[in-house]
A.B. asks: 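Pasting a structure below so you can have a look.
Each chain gets a letter, A, B and so on, in the order the sequences are listed, and its residues count up from 1. Side-chain atoms are counted along with the backbone in the values below, which use heavy atoms only and exclude waters and symmetry mates.
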Amino acid sequence: MPDSPETRVRIAPSPTGPLHIGTARTALFNYLFARRQGGTFILRLEDTDVARSSLAYEKDILDGLHWLGLTWDEGPEVAGQAARGPYAPYRQMQRLPSYAAAADRLLAADLAYRCYCTPDELDAERRRLEAAKLPPRYNGRCARLTDDERRAFEAEGRRPAIRFRVPEQEVIAFDDLIRGRVEIDASALGGDLVIVRADGNPLYHFTVVVDDAAMAISHVIRGEDHLSNTPKHILLFRALGHPEPRFGHLPLILNADRTKMSKRKTQTALAEYIEQGFVREGLVNYLALLGWSTGTEEEVLSLDELTERFDLAHVHKGGAVFDRERLEWLNGQWIRRLGVDEFVDRLQPFFEVELAGGRIDRLPTDDELRSLAPVIQERLPRLGAVGELVGFLFVDRVEVDPAQLVPKRWDRAITVDGLSAARDALARHDEVTWEADELEPPLRGLAETRGWKAGDLFMAIRVAVTGRTATPPLFDTLVALGRERTLARLDAALAALGS
RNA sequence: GCCGCAUUCGUCUAGAGGCCCAGGACACCGCCCUCUCAAGGCGGAGAUCACCGGUUCGAAUCCGGUAUGCGGUACCA
């Protein structure tokens, strides 16, 4: 693949909420496209909605993107700090002069004009049109104001917004990278559009074009929800005298009911997935395959492998329902692929959460975790599930339900018998022979001589020492528990059975 | 309402005129492995390719219409 240095793509999140899984996916697709093309990936913060933007959200977004491993070549690195790159700054609120200059140019060329209509007036007009079953559209009341009329409005104290002139009759067409040719009649655009608010702050449709032009963006890859807005952008590019970039509209991520993914119906904040123990490899892999496929049957792919294979032509056009089960499966695949040290490092924070929540009494050591790794790694769909898997190893005492202590085929008396015989057999081991393959044969032998099913005996022991019916393999569990605690818990269980 | 986009197993998808009475994966159900739970292996069930017409010797794939869904239609992004 030849180097195309002029490929410049961007992700332009708005810090009006925590990093959304959909934004993360759009960022990923842009990243993959840029890397694949040998191009430049840019991050730009669209923070012109001052009322809803916050630094905390900005930090959440930057941290989340970093966490995913989507490194950008230009843009802010750290929340609140200055941005790096030849087109800095990369925060729109710091680029206000360039929007003002662009607006002045449009005004001077009469491609835009000042509009004195108040929000109330516009609202009333919109409602009138709706009631008449007509499409809402700006009526152009201020499109041809005389100087006198303008002065009269100013005298009333009205502050003007700036509107961009949208042609009455013109078909805007473009070749979408994913959907092919799209044609939309300018008359369907709702009339002249506001590009600068009365308070002087520029609006999204305007800033996005001014910046994409200024930053020499070559390909705009974004969600399908922007497809209908694209003609407005194209008109603005033309008015600004800048060549249009290529556009590619990604299918939307959907709730289970096939509506656009929303916080109400689906967990959308990346930070929550991180908290629950999804690993970056799993999330990246899953998100990449939501709406795109390699065209082959490969599906467990790393970020680098995805990059090698990425291709906009294989992006599916229809919306994709977010399927958490599939995410968990892929996440499990990646957890199992982690090296032991990496696995242990990533797991420790989750034990800290367990400790803080009072669900365990102490933290495991790295050594303990390393020896436990082989038996827990394949049992975790998410790192956050580790507490319920082996939390019993790190508590001072376990709660044991006496009813669960008695295996299905056994009664209380056999259980007492079995447990105390097991206790005796285990007590014969010292610290040195307290190993899984040393512990198992004697207990199997015991079951056999007494005519018990080994599984029943093991289950009774399992419940006695862990309080649970589902655990990692019993003998590995006993080793992790240690001789003293194993014996003590067996004694406690025997006591609970009233013997 | 208007404009636009989309539509293959429950879900994610493969498929770019004959290889497809449609392949893979998740989930589901069996079986195997097995001390439980997982993981893994094997097998099963699951899609009249939204519908109706057309083009063609031949259509999931091309064209038209219909339906349904979704998105957009803000001095939000």
Side-chain angles (χ1 to χ4, degrees), chain A residues 12-17 23 46-49 51-53 115 117-119 122-123 126 129-130 132-137 159-163 176 179 182-185 187-190 193-199 201-205 207-208 223-231 249 251-252 254 256-260 286 289-300 313-314 316-330 332 336 375-381 389 440 443-444 447 453-459 461-463 466 468-475 477:
Chain A
S14 169
T16 52
T23 306
E46 308 219 323
D47 54 357
T48 53
D49 186 346
R52 293 194 298 147
S53 293
C115 170
C117 298
T118 64
L122 294 170
D123 224 48
R126 188 167 23 246
L129 289 170
E130 258 172 51
K133 298 252 180 235
L134 289 167
R137 133 181 280 274
R159 305 296 308 150
I162 299 176
R163 275 185 195 272
D176 192 274
R179 282 146 221 282
V182 176
E183 299 184 350
I184 296 177
D185 199 298
S187 64
L189 264 29
L193 92 133
V194 176
I195 55 175
V196 179
R197 290 185 179 90
D199 69 6
N201 276 139
L203 256 8
Y204 169 75
H205 294 306
T207 59
V208 74
E224 193 195 331
D225 45 351
H226 287 294
L227 189 62
S228 310
N229 292 327
T230 303
H249 290 91
L252 257 23
L254 275 20
D257 62 6
R258 304 203 75 90
T259 52
K260 179 175 161 182
Y286 178 72
L289 262 24
L290 245 199
W292 174 73
S293 74
T294 60
T296 69
E297 282 171 5
E298 306 171 291
E299 40 190 3
V300 183
H314 277 97
H316 197 254
K317 296 183 183 71
V321 172
F322 188 86
D323 181 2
R324 186 181 167 108
E325 304 233 51
R326 193 169 151 82
L327 202 213
E328 291 212 4
W329 170 73
L330 224 27
R336 276 165 236 138
V375 294
I376 61 177
Q377 208 162 353
E378 68 191 22
R379 273 167 248 267
L380 289 174
L389 216 211
E440 184 168 353
L443 289 181
R444 279 198 187 279
K453 279 194 179 297
D456 289 334
L457 208 218
F458 295 173
M459 184 53 83
I461 300 171
R462 179 191 326 278
V463 174
T466 69
R468 321 185 52 100
T469 55
T471 71
L474 181 62
F475 301 100
T477 301

A.B. asks: Counting only Watson-Crick pairs (N1-N3 plus N6-O4 or O6-N4) and G-U wobbles (N1-O2, O6-N3), all under 3.5 Å, who is the partner of C2(B)?
C.D. replies: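 When the pairing criteria are applied, G72(B) turns out to be the nucleotide that pairs with C2(B).
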
A.B. asks: Tell me what Gln377(A) touches on the nucleic acid: a base, only sugar-phosphate, or nothing, going by heavy atoms under 4.0 Å.
C.D. replies: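 Here Gln377(A) touches no strand at all.
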
A.B. asks: Indicate yes or no: at least one non-hydrogen side-chain atom of Thr477(A) is less than 4.5 angstrom from one of Arg462(A).
C.D. replies: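 They are not in contact (no side-chain heavy atoms under 4.5 Å apart), so the answer is no.
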
A.B. asks: Does G46(B) pair with anything, Watson-Crick or G-U wobble, both distances under 3.5 Å, and if so, with which nucleotide?
C.D. replies: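 Base partner found: none.
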
A.B. asks: Under the side chain to side chain donor-acceptor pair (under 3.5 Å) test, which residues partner His314(A), sequence neighbours left out?
C.D. replies: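 Only Asp311(A) meet the side chain to side chain donor-acceptor pair (under 3.5 Å) criterion with His314(A).
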
A.B. asks: Going by side-chain contact (heavy atoms from CB on, under 4.5 Å), name the residues that satisfy it together with Ile376(A), two or more places apart in sequence or in a different chain.
C.D. replies: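 Result, side-chain contact (heavy atoms from CB on, under 4.5 Å) vs Ile376(A): Phe343(A), Leu347(A), Leu372(A), Val386(A), Leu389(A), Val390(A), Pro472(A).
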
A.B. asks: If C26(B) has a Watson-Crick or G-U wobble mate with both distances under 3.5 Å, name it; if not, just say none.
C.D. replies: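 Paired with C26(B), as far as the under-3.5 Å criterion goes, is G10(B).
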
A.B. asks: Heavy atoms under 4.0 Å, any strand shown: does Gly318(A) hit a base, just sugar-phosphate, or nothing?
C.D. replies: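 Gly318(A): backbone/sugar contact only, no base atoms under 4.0 Å.
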
A.B. asks: Using atom C1' of each nucleotide, how far apart are C19(B) and C5(B) to the nearest Å?
C.D. replies: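 Approximately 32 Å lies between the C1' atom of C19(B) and that of C5(B).
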
A.B. asks: Provide the start and end nucleotides, 5' to 3', of the part of RNA chain B that has atoms under 4.0 Å from heavy atoms of chain A.
C.D. replies: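 Taking any atom under 4.0 Å from a heavy atom of chain A, the span is G1(B) to A77(B).
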
A.B. asks: Using atom P in both nucleotides, what's the gap between C12(B) and G54(B) to the nearest angstrom?
C.D. replies: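 These two P atoms come out 32 Å apart once rounded.
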
A.B. asks: I'd like the P distance from U7(B) over to A16(B), given in whole Å.
C.D. replies: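 It works out to 16 Å between them.
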
A.B. asks: Check every strand shown and say whether Ser293(A) touches a base, only sugar-phosphate, or nothing at a heavy-atom separation below 4.0 Å.
C.D. replies: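 Contact class for Ser293(A): sugar-phosphate only.
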
A.B. asks: So what does Pro251(A) touch, heavy atoms closer than 4.0 Å: a base, only the sugar-phosphate, or nothing?
C.D. replies: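 Nothing, no nucleic acid heavy atom in range.
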
A.B. asks: NA contact type, Ala320(A), heavy-atom cut-off 4.0 Å: base, sugar-phosphate, or nothing?
C.D. replies: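 The residue Ala320(A) makes sugar-phosphate contact but no base contact.
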
A.B. asks: Nearest 0.5 Å, what's the CG-CZ distance between Leu203(A) and Arg197(A)?
C.D. replies: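 These two atoms lie 5.0 Å from each other.
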
A.B. asks: How would you label the contact of Ser228(A) with the nucleic acid (heavy atoms, under 4.0 Å): base, sugar-phosphate, or nothing?
C.D. replies: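 Base contact.
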
A.B. asks: How is Arg52(A) classified with respect to the nucleic acid when contacts are heavy atoms under 4.0 Å: base, sugar-phosphate, or nothing?
C.D. replies: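 Base, at least one base heavy atom under 4.0 Å.
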
A.B. asks: Scan Pro472(A) against the nucleic acid and name what it touches under 4.0 Å (heavy atoms): base, sugar-phosphate only, or nothing.
C.D. replies: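 The residue Pro472(A) makes base contact.
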
A.B. asks: Of Arg444(A) and Asp49(A), whose nearest nucleotide on RNA chain B comes first from the 5' end?
C.D. replies: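 Result: Arg444(A).
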
A.B. asks: With a 3.5 angstrom cut-off on both distances, give the Watson-Crick or G-U wobble partner of C20(B), or none if there isn't one.
C.D. replies: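 Check on C20(B): unpaired, no WC or wobble geometry under 3.5 Å.
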
A.B. asks: Using the C1' atom in both, what is the distance from A14(B) to G53(B), to the nearest Å?
C.D. replies: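 That atom pair is separated by 28 Å.
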
A.B. asks: When we call it a touch if two heavy atoms are under 4.0 Å apart, what does Thr471(A) touch: a base, just sugar-phosphate, or nothing?
C.D. replies: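 Base, at least one base atom sits under 4.0 Å.
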
A.B. asks: Is the closest basic N to carboxylate O distance between Glu328(A) and Arg324(A) below 4.0 Å?
C.D. replies: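 A salt bridge is present here (some side-chain N lies under 4.0 Å from a carboxylate O).
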
A.B. asks: Check every strand shown and say whether Thr48(A) touches a base, only sugar-phosphate, or nothing at a heavy-atom separation below 4.0 Å.
C.D. replies: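 Sugar-phosphate: the residue Thr48(A), judged by heavy atoms under 4.0 Å, touches backbone atoms but no base.
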
A.B. asks: Take atom C1' in C26(B) and the same atom in G46(B), then report the distance between them in whole Å.
C.D. replies: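 Comparing C1' positions in C26(B) and G46(B) gives a spacing of 13 Å.
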
A.B. asks: Partner lookup for C62(B), please. Criteria are Watson-Crick or G-U wobble with both distances under 3.5 angstrom; report none if nothing qualifies.
C.D. replies: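 The answer is G54(B), by the H-bond criterion.
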
A.B. asks: For Pro160(A), check side-chain contact (heavy atoms from CB on, under 4.5 Å) against everything at least two apart and list the hits.
C.D. replies: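 For Pro160(A) the side-chain contact (heavy atoms from CB on, under 4.5 Å) partners, ignoring immediate neighbours, are Arg114(A), Tyr116(A), Glu154(A).
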
A.B. asks: Under the salt bridge (Lys or Arg N to Asp or Glu O under 4.0 Å) rule, collect the residues that match up with Asp49(A), sequence neighbours excluded.
C.D. replies: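 Counting only residues at least two positions away or on another chain, Asp49(A) forms a salt bridge (Lys or Arg N to Asp or Glu O under 4.0 Å) with Arg52(A).
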
A.B. asks: Work out how far the P atom of C35(B) is from that of G43(B), and round it to whole angstrom.
C.D. replies: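 It works out to 25 Å between them.
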
A.B. asks: Tell me the partner of C35(B), counting only Watson-Crick (N1-N3 plus N6-O4 or O6-N4) or G-U wobble (N1-O2 and O6-N3) with both under 3.5 Å; none if nothing fits.
C.D. replies: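 The base-pairing partner of C35(B), which may sit in any strand shown, does not exist here.
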
A.B. asks: Is Thr230(A) reaching over with its side chain to a backbone N or O of His226(A), donor-acceptor style, under 3.5 angstrom?
C.D. replies: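 Side chain of Thr230(A) to backbone of His226(A), a donor-acceptor pair under 3.5 Å: yes, one is there.
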
A.B. asks: When all nucleic acid strands are considered with a 4.0 Å heavy-atom cut-off, which category describes Cys115(A): base, sugar-phosphate, or nothing?
C.D. replies: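 The answer is nothing, as Cys115(A) stays clear of every strand by at least 4.0 Å.
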
A.B. asks: Suppose you measure atom P in C3(B) against the same atom in U55(B); what distance do you get, rounded to whole Å?
C.D. replies: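 So the two P atoms sit 30 Å from each other.
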
A.B. asks: Name the nucleic acid region contacted by Gly291(A), choosing base, sugar-phosphate or nothing; use a 4.0 angstrom heavy-atom cut-off, strictly under.
C.D. replies: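 Gly291(A): backbone/sugar contact only, no base atoms under 4.0 Å.
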
A.B. asks: Can you list everything that forms a salt bridge (Lys or Arg N to Asp or Glu O under 4.0 Å) with Glu298(A)? Sequence neighbours excluded, please.
C.D. replies: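 Listed in chain order: Arg309(A).
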
A.B. asks: When you match Arg258(A) and Gly295(A) each to their closest nucleotide on RNA chain B, which lands nearer the 5' end?
C.D. replies: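 First, find each residue's nearest nucleotide; the 5'-ward one identifies Gly295(A).
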
A.B. asks: For Leu254(A), which contact category applies under a 4.0 Å heavy-atom criterion: base, sugar-phosphate, or nothing?
C.D. replies: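 Nothing: the residue Leu254(A), judged by heavy atoms under 4.0 Å, touches no strand.
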
A.B. asks: Under 4.0 Å, counting only non-hydrogen atoms across every strand here, what does Asn229(A) touch: a base, just sugar-phosphate, or nothing?
C.D. replies: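 Base, at least one base atom sits under 4.0 Å.
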
A.B. asks: When the C1' atoms of U68(B) and C32(B) are considered, how many whole Å apart are they?
C.D. replies: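 The answer is 45 Å between these two C1' atoms.
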
